[in-house]
Amino acid sequence: MGTSPSLPPPPLRLPPTDPTRQTGKLPRDPAPPPTSSPASPREGIADAAMASTSSKHAKHRRIGEDDDEEEEAEEELGRFDDFTIASSWERFISEIEAICRQWLADGSKILMQKGAETVPSFENLYMVKRELKHGKRVYCMEYHFRKSAKGKYSYWDDDTHSTQLSFGVDEFLIIAPLSASGVVLDDPESTKLLSSVAIALSNCASNWPAFVPVHDPSRKAYIGIQNMGTVFTRRFEADRIGSQVPIRLMHLEGLHELFLSKFVLSSTDFPAKVKVNFSMKLTYRTPEHDYDHEETLDSEATESIPESEVASQPRKQWDDDCPWAEWYSAEDPIKGFELTTIWGEKMFEESFEMAEVENASSFDADSWLLQPVVSPYMVDDSIGKFVGFASQLHLLVNAFESSAEAQFLEDFVADNSGQDNSKSSVAVPPPSVIDRVMKDLFNDEAGNSNYVEAENKYGRALKGAPSDSLFAQFCLHALWFGNCNIRAIAVLWIDFVREIRWCWEESERLPRMKTTSSIDLSACVIHQKLQMLAICIERKKPLNRKKDTDDAHKEKTSNSMAPDKIRKGSAGAVPSMMLINTFQEMHAPYTQDAPLMTEDMHEERLHAAEAFGNAVGLSGQLERDILSSDMSAFKAANPDAAFEDFIRWHSPGDWVSEDKSDGNPAWPPKGRLSQRMSEHGNMWRKIWNDAPALPVSEQKSLLDSVREGEKVVHYLETLRPQQLLEQMVCTAFKSSADILNKTTYGGFKLMKTKMDQLYATMASTLRSLQGKSDTSDLAGDLKRLCQVFEHIEKLLIFAASVHRKLIDAPRLAQSIFTDYFNYYLPKMGTSLESICYEKEFTTKEKVGMLEREAVSSLFRPPTANQSWRKVLSMGNLLNGHEPVQREIVFSVLEKLSNGHYSSPTPLSTDEQIETHRMYISGTSNDLWVALSVTSWD
């Protein structure tokens, strides 16, 4: 195996008779070890690579002296010389060699099976490490390798490690002391350390590059070496200027000249024009968005607004027009965007060409990559840090757990002198807050609610109240009332019921209740009761509309009838139907609605029927009352009607027609009653004979509105705490989900699927509340539901934010959301424990050519106060914004068959090697440079 002449020779393992071992020293003329890092970054990063040979020998002599001192110490202790034992340095090299040989023999697959660690933030990069001891120092050697070979990869890939990018390497070794700083501060030690690794790798016939961190940690300085076979050696150095970057090095032309200065020492070394390969990556970051100035005002309009008024105006939030904004303002999950523009590899010969690149538009870059800057609360999986519906629902579940502690809500409100009511667990907002809540709930401008059930198919399975209804609004207010503790809820409910009673007693319409004549039995019982109360309030008022209708019909028919027979309560003539006994049109009457019953009233009726064993009788009595009311109304609207006329109108199936006319009905109508209506003692005929001729306005109502209204108010006033909280939990979950479901997020399919899953999970979990299960059994399930709700709520807010920011680039918006969704998916378990995952979201999405205009609009032109920064600009401005980071790679390639790096023996190959490479990363006040130089040994 060949050894580079620039490195110290491999450890010698000679017999005791070898004369070179008589003094216990290394051979006199070893090749010089690798160079140390430069003393100052401002003197040039690569100058140390060209350090004098004498300094290298001096450092190497110091290394040999260390071994001398060790052996002399042994002689002083009276020990004999055992020349079969190597020196401590040789043993150190041998240990490194053994470790490297083992890693080489195992290969990446076996190393991964043995527990190689994944390098954080890199999917394809793994690491193994071992600790070594030399003297009193302990070192750690790390081997970084790729899981699988992807072929030739771009160093601008996100999966590229900083060391790979900086020095243009693939797999690599890093050896550093186990200390607080993690770097080698002493030049001789760093040189010796790197020499040891280089010798060990040479003995292994390995071409792994090796690096040693040196100097102060803030400088991020490295020295390194790579054995490239028997011919070439590659040396690496890196250092940083942390402040006062020269203006010349802020521009591409000056950086190009810096690169040339590292190898064009004279005109004879290289041609006048050097072909330099160039590639660049620029990163831009959007400024913090100011929603108050979303629409630019001209100077005259701005000056016309007094300064005091501008200061008093509330600051506009990003989600002001989002459905949840009425209840809380969510922190924008996307703080901004990072745009990466990449210029692919190009070749230049003159420095002035760099100036042209610097002045080029960012639209000329070969590729654009966009990454959202995600808020920390969106990547932190700790439970409870996010404030939204989910966090308040969790507090409501806690109140539900406490609801079984008392039989009456007043017990929670009572002033217990033994408790500290100032504690947050029992705190109640002041009366002024309660007044504001009541005014909002019973606002006259709220009007009749036209709420629409949730479009989600699973929403109908949730037994709550519609989100715009009165009880749903109460539940939503309760979520944000104080800290939603049981005492605060009790105080709010008592005031709420007090307002309900006032509306009932004063016959005032209940706000936020849909005008209807039916009870929605799919809703919760409290909502049904409020529907019943709203109907009762309406029926307490005089039926003026029906009275006026009766008077109109009386005047219309007075000229055509006998004076003692007047139509009453007619809703209009029935088309093509005449009475049997008189040649008069048949009129349809106004009829009473069937008696309204809430769910609990139906249950009470069934229980009573089961108790008395007369379920059929109770149902039959209700039917007889309704039938008698309809017959009385029909008689009032048709004074000369017969029983057969009522059957023809009310139950056409019980009239057998014998009319054979061709569409023009004959009079009198020909036909007969059905068999069941013709039977002797038929109940319908008996009720007809007993029913008086009374219009609806004169009949006794089937629904006793006063009695039923009082029952509703009594139910609300005596409702047990656990019954109230059960219905509040169901309604609050449903209403919160319904509000979120109204969000506009671009119709992302993954988001829609998650919303469907949320409704399905809520329906499954909340169904247990209807089964009257034990409170303690349900609490765990409800808290897990809160966590699921929080995850989906955060995803929905993220979807809304990215959609509105990239509304003109819908494909890009959906791709970014999909990336974040896949990143966030592992966090979406139902465990109550916090699970730590990778904290950073770094996925970038490629921007299409047609999407660049929309992306560039994210970078609003800087204001006048920011224009001074143009003086320090590095160029390549995007809408007036300079890049926050610029990364550049300069390199020179040369063929092996000719030129400076050609072999004395002619080689029949056109293979090229990268002789010089410089990676530069920096801003206007920071510069980091990494240099690699390949030498012929």
Side-chain angles (χ1 to χ4, degrees), residues 1-4 7 10-11 34 90-134 137-155 157-179 182-184 193-213 222-229 233-234 236 238 826 836-840 842 930 932:
M1 108 187 39
T3 305
S4 171
L7 299 175
E90 289 177 311
R91 290 194 297 270
F92 183 57
I93 295 173
S94 179
E95 186 177 358
I96 295 175
E97 180 181 337
I99 295 172
C100 292
R101 286 187 184 275
Q102 183 63 54
W103 288 345
L104 281 167
D106 287 344
S108 61
K109 186 175 182 180
I110 296 179
L111 288 175
M112 291 171 59
Q113 293 174 355
K114 288 184 176 180
E117 302 175 6
T118 306
V119 179
S121 303
F122 297 95
E123 296 180 358
N124 198 37
L125 193 63
Y126 285 76
M127 175 188 68
V128 289
K129 57 185 177 181
R130 290 283 294 276
E131 292 184 6
L132 306 98
K133 188 173 183 181
H134 178 49
R137 300 297 299 269
V138 180
Y139 300 94
C140 179
M141 185 168 67
E142 299 176 352
Y143 168 49
H144 294 72
F145 62 94
R146 289 182 176 269
K147 176 176 64 175
S148 59
K150 294 184 177 179
K152 185 174 178 60
Y153 65 93
S154 170
Y155 37 73
D157 288 344
D158 290 336
D159 203 32
T160 302
H161 191 271
S162 59
T163 304
Q164 296 171 320
L165 171 61
S166 303
F167 300 105
V169 298
D170 191 357
E171 50 191 355
F172 57 93
L173 289 174
I174 294 181
I175 186 166
L178 281 176
S179 62
V183 300
V184 181
L193 193 59
L194 190 59
S195 298
S196 303
V197 178
I199 294 171
L201 291 175
S202 178
N203 292 340
C204 299
S206 170
N207 62 351
W208 291 345
F211 300 92
V212 175
Y222 288 88
I223 59 173
I225 194 167
Q226 180 181 15
N227 174 33
M228 302 178 69
T233 299
R234 199 177 183 192
F236 309 97
C836 292
Y837 294 96
E838 180 186 353
K839 295 296 184 183
E840 295 183 359
T842 57
S932 61

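Note: hydrogens, waters and symmetry copies are ignored here, and every other heavy atom, side chains too, is used.
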Ring geometry between Phe172 and His144 (parallel below 30°, tilted from 30 to 60°, perpendicular above 60°): parallel

Determine whether Leu193 and Val212 make a side-chain contact, defined as any pair of heavy atoms from C-beta on separated by less than 4.5 Å. yes

Should Val169 and Arg234 count as side-chain neighbours, where that means a heavy-atom distance under 4.5 Å? yes

What pair of heavy atoms forms the shortest contact from Met141 to Trp103, and how long is it? O-CH2, 3.7 Å

Between Tyr139 and His134, ring centroids under 6.0 Å: no

Atom pair CD/CE of Glu142 and Met127 - distance to nearest 0.5 Å: 4.5 Å

Quick check for you: to the nearest 0.5 Å, what is the distance between Lys133 atom NZ and Glu95 atom CD? 11.0 Å

List the atom of Ala176, the atom of Gly182, and the distance in Å for their closest heavy-atom pair. CB-O, 3.5 Å

Of all the heavy-atom pairs spanning Arg137 and Pro177, show the shortest one and how long it is. NH2-CB, 3.2 Å

Below 4.0 angstrom, N of the basic side chain to O of the carboxylate: do Glu97 and Arg101 qualify? yes

Any chance you could measure Ile175, atom CD1, to Ile96, atom CD1, to the nearest 0.5 Å? 4.5 Å

From CZ (Arg146) to OG1 (Thr160), nearest 0.5 Å: 5.5 Å

With a 6.0 Å cut-off on ring centres, are Phe236 and Phe211 close enough? yes

Show the numbers, then the answer: is there a side-chain contact (heavy atoms from CB on, under 4.5 Å) between Val197 and Leu173? CA-CA 9 Å; Val197 178; Leu173 289 174; 4.1 Å; yes

Rounded to the nearest 0.5 Å, what separation is found between the CG atom of Leu132 and the CG atom of Leu178? 9.5 Å

Roughly how far, to the nearest 0.5 Å, is CG of Asp157 from CZ of Phe122? 11.0 Å

Could you pull out the closest heavy-atom pair between Lys147 and Tyr126, with the gap in Å? CB-CE1, 3.6 Å

Quick check: closest heavy atoms across Gln164 and Asp159, and the distance to 0.1 Å? OE1-O, 4.3 Å

Side-chain heavy atoms of Leu104 within contact of Trp208, under 4.5 Å: yes

Nearest non-hydrogen partners of His161 and Thr163, listed with the distance: ND1-N, 3.0 Å

Criterion side-chain contact (heavy atoms from CB on, under 4.5 Å) against Pro213, the qualifying member of Val184, Ile223, Ile174: Ile174

Tyr143-Glu171 side chain donor-acceptor pair, cut-off 3.5 Å: yes

